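Scroll down for the structure; my scribbles are underneath it.
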Amino acid sequence: MDWLHTLMPIAGVPLFWPGLVILGFGVGIIGGFFGMGGAWMVTPGLNILGFPMAFAIGTDVTHMAGKSLISTMRHAKFGNVDYKLGLSMVLGTVGGIEIGAQMIMWLERIGKIDLYVRWAYVVLLTLIAWMVFSDIAKRRRKEREALAVGKKLDPMATGHEWHKRLQKINIPPMVDFKRAGIRCSLWLPVGISFFTGWLAGVLGIGGGLIRMPALIYLLGVPTHVAVGTDLFEVAISGLYGAATYSYKGRVEIVAALIMLLGAAVGAQIGTVATKYVKGYGIRIFFGVAVIGCELSVIMKILSAMFPSIKTITDQTATVLILGVVSAISLYILIAFLKGVHAERAQRAGKPGVVHV
């Protein structure tokens with residue numbers, strides 16, 4: 001059905017436009033909920049739908065900047081943004097983005113961009129999934145141990161406590177980030193942001209895929225504050241990423257605008273949903289999303305390695321990435337609706353549980 005495809009004028013490829021709508025709206029919800037631009041799902045998603053990898057990265061970075069700004073404004077109303085921490089990370093992120101973007105241009109020139117970027121995604125997503133689920137398992141073990149001696153585990157406790165060691169690094173200047181409730185060397189968030197900025201430039205992920213977990217596990221920021229602060233930083237650094245990829249001619253404005261329209265609505269829903277799904281509930285669904293995205297990328301790699309099954313693997317990858325986005329978005333939407341209903345019931349003097 002030709003009417004379901006539209007030609008992207010800059011990239012010069014026909015694209016399944018309903019896929020753009022699903023990605024934009026769904027990733028808007030997911031991005032607002034997890035505190036990320038959602039680019040870690042959009043870049044492979046655009047590539048799976050038919051975009052050349054460089055255009056997928058550039059278009060995603062551009063769409064991500066606008067959507068993250070919308071989500072940040074909503075999170076700010078809930079007090080979930082540490083502006084001081086976010087601004088301290090911008091400089092490192094911008095430097096990392098530019099180095100990563102230059103590497104992408106080089107990989108494109110030598111014809112290795114698809115292979116290297118896809119495998120980089122698989123490695124990164126595997127590490128992130130391990131970190132999230134091992135943390136959840138370790139925290140549950142701590143809860144059982146505390147319960148065995150008649151105590152209750154601190155709600156702010158995490159499984160991995162790498163941040164306690166890193167916060168002891170005493171390299172001036174030492175800075176207090178009051179909203180996040182931490183004190184550390186300024187070089188710690190700057191160093192983390194440089195690395196995540198480099199990932200943003202190379203993979204088009206906005207750095208949020210690893211920055212949000214880094215804020216939690218390496219800096220010790222509470223989950224809800226990590227979500228809002230990450231979105232604030234992504235919005236600022238994403239504007240630079242959009243500018244540098246536009247200058248390099250790798251941004252498809254039409255696709256970015258289509259996704260942004262859907263994301264503008266979805267981001268509002270996802271952000272408000274964080275009021276009703278707290279802490280480890282957010283982390284569990286983040287881990288599920290990571291695994292689903294990784295499997296879709298593996299399907300695309302198999303497609304390139306074994307041409308005889310290309311049709312099957314390409315279709316599987318498309319269904320998988322859109323299915324993951326749709327399923328998790330639906331869960332978050334239901335959590336949002338239940339939370340709003342319960343909150344209204346409480347205001348009306350009726351019993352109801354706000355947190356889902």
Side-chain angles (χ1 to χ4, degrees), residues 33-36 75 78-82 84-85 126-170 174-185 188-189 192 208-231 270-291 328 331-332 334-336 338-343 345-347 350-356:
F33 184 74
F34 291 136
M36 294 166 287
H75 273 284
F78 299 147
N80 292 348
V81 181
D82 190 315
K84 186 177 180 180
L85 176 58
T126 299
L127 290 174
I128 294 297
W130 168 82
M131 183 171 65
V132 171
F133 286 110
S134 64
D135 172 71
I136 293 170
K138 193 170 183 179
R139 188 181 190 278
R140 286 178 173 172
R141 185 169 67 250
K142 288 182 178 181
E143 288 178 338
R144 290 194 298 270
E145 291 172 352
L147 186 62
V149 295
K151 295 181 179 180
K152 188 175 182 180
L153 187 66
D154 183 353
M156 300 301 292
T158 60
H160 296 307
E161 297 182 336
W162 303 322
H163 63 278
K164 291 185 177 180
R165 294 183 179 179
L166 293 174
Q167 286 177 7
K168 293 179 181 179
I169 297 175
N170 189 17
M174 302 297 291
V175 183
D176 288 302
F177 298 104
K178 295 182 180 179
R179 186 68 194 89
I182 63 172
R183 174 181 171 80
C184 64
S185 169
L188 182 58
I192 291 172
L209 173 62
I210 193 170
R211 189 185 300 110
M212 197 272 278
L215 286 170
I216 295 171
Y217 299 122
L218 302 183
L219 288 179
V221 179
T223 301
H224 61 288
V225 178
V227 168
T229 303
D230 179 43
L231 280 167
T271 300
V272 176
T274 60
K275 290 176 59 180
Y276 312 117
V277 183
K278 292 294 186 180
Y280 274 75
I282 295 177
R283 298 187 199 186
I284 290 172
F285 283 94
F286 170 63
V288 172
V290 168
I291 291 175
I328 296 180
Y331 170 82
I332 296 172
I334 292 173
F336 165 79
K338 285 184 177 179
V340 170
H341 176 73
E343 192 170 12
Q346 284 186 339
R347 290 175 180 175
K350 299 178 182 179
V353 180
V354 174
H355 296 295
V356 177

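Predicted model only: the values in this text are computed from it and were never measured.
- The CG atom of D135 sits 7.5 Å away from atom CH2 of W162, with the distance rounded to the nearest 0.5 Å.
- Remark: side-chain polar atoms of S185 are not paired, donor with acceptor, to backbone N or O of N170 under 3.5 angstrom.
- Formation of a donor-acceptor pair under 3.5 Å by the R179 side chain with backbone atoms of G79 is found in this model.
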Derivation and outcome, side chain to side chain contact (heavy atoms under 4.5 Å, CB included), residues I291 and F133: CA-CA 11 Å; I291 291 175; F133 286 110; 3.6 Å; yes
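- Between Q167 and M174 the shortest heavy-atom distance is O-CE, 4.4 Å.
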I would like to know whether L219 and I182 meet side chain to side chain contact (heavy atoms under 4.5 Å, CB included); could you show each step before the answer? CA-CA 8 Å; L219 288 179; I182 63 172; 4.1 Å; yes
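- Not a single donor-acceptor pair under 3.5 Å links the side chain of K84 to the backbone N or O of V175.
- Counting only heavy atoms from C-beta outward, the side chains of T229 and N80 never approach each other to under 4.5 Å.
- Using a 4.5 Å cut-off on side-chain heavy atoms (C-beta onward), I169 and C184 make no contact.
- Using a 4.5 Å heavy-atom cutoff, the side chains of V225 and V81 are not in contact.
- Expressed to the nearest 0.5 Å, how far NZ of K168 lies from CG of L188 amounts to 14.0 Å.
- Separating the CG atom in D230 from the CD1 atom in I216 is a distance of 9.0 Å, to the nearest 0.5 Å.
- No side-chain heavy atom of D82 sits less than 4.5 Å from a side-chain heavy atom of V221.
- In terms of the salt bridge (charged side-chain N to carboxylate O under 4.0 Å, His left out) criterion, K151 has no residue partners (sequence neighbours excluded).
- Residues L215 and A226 come closest through the heavy atom pair CD1-O, 3.7 Å.
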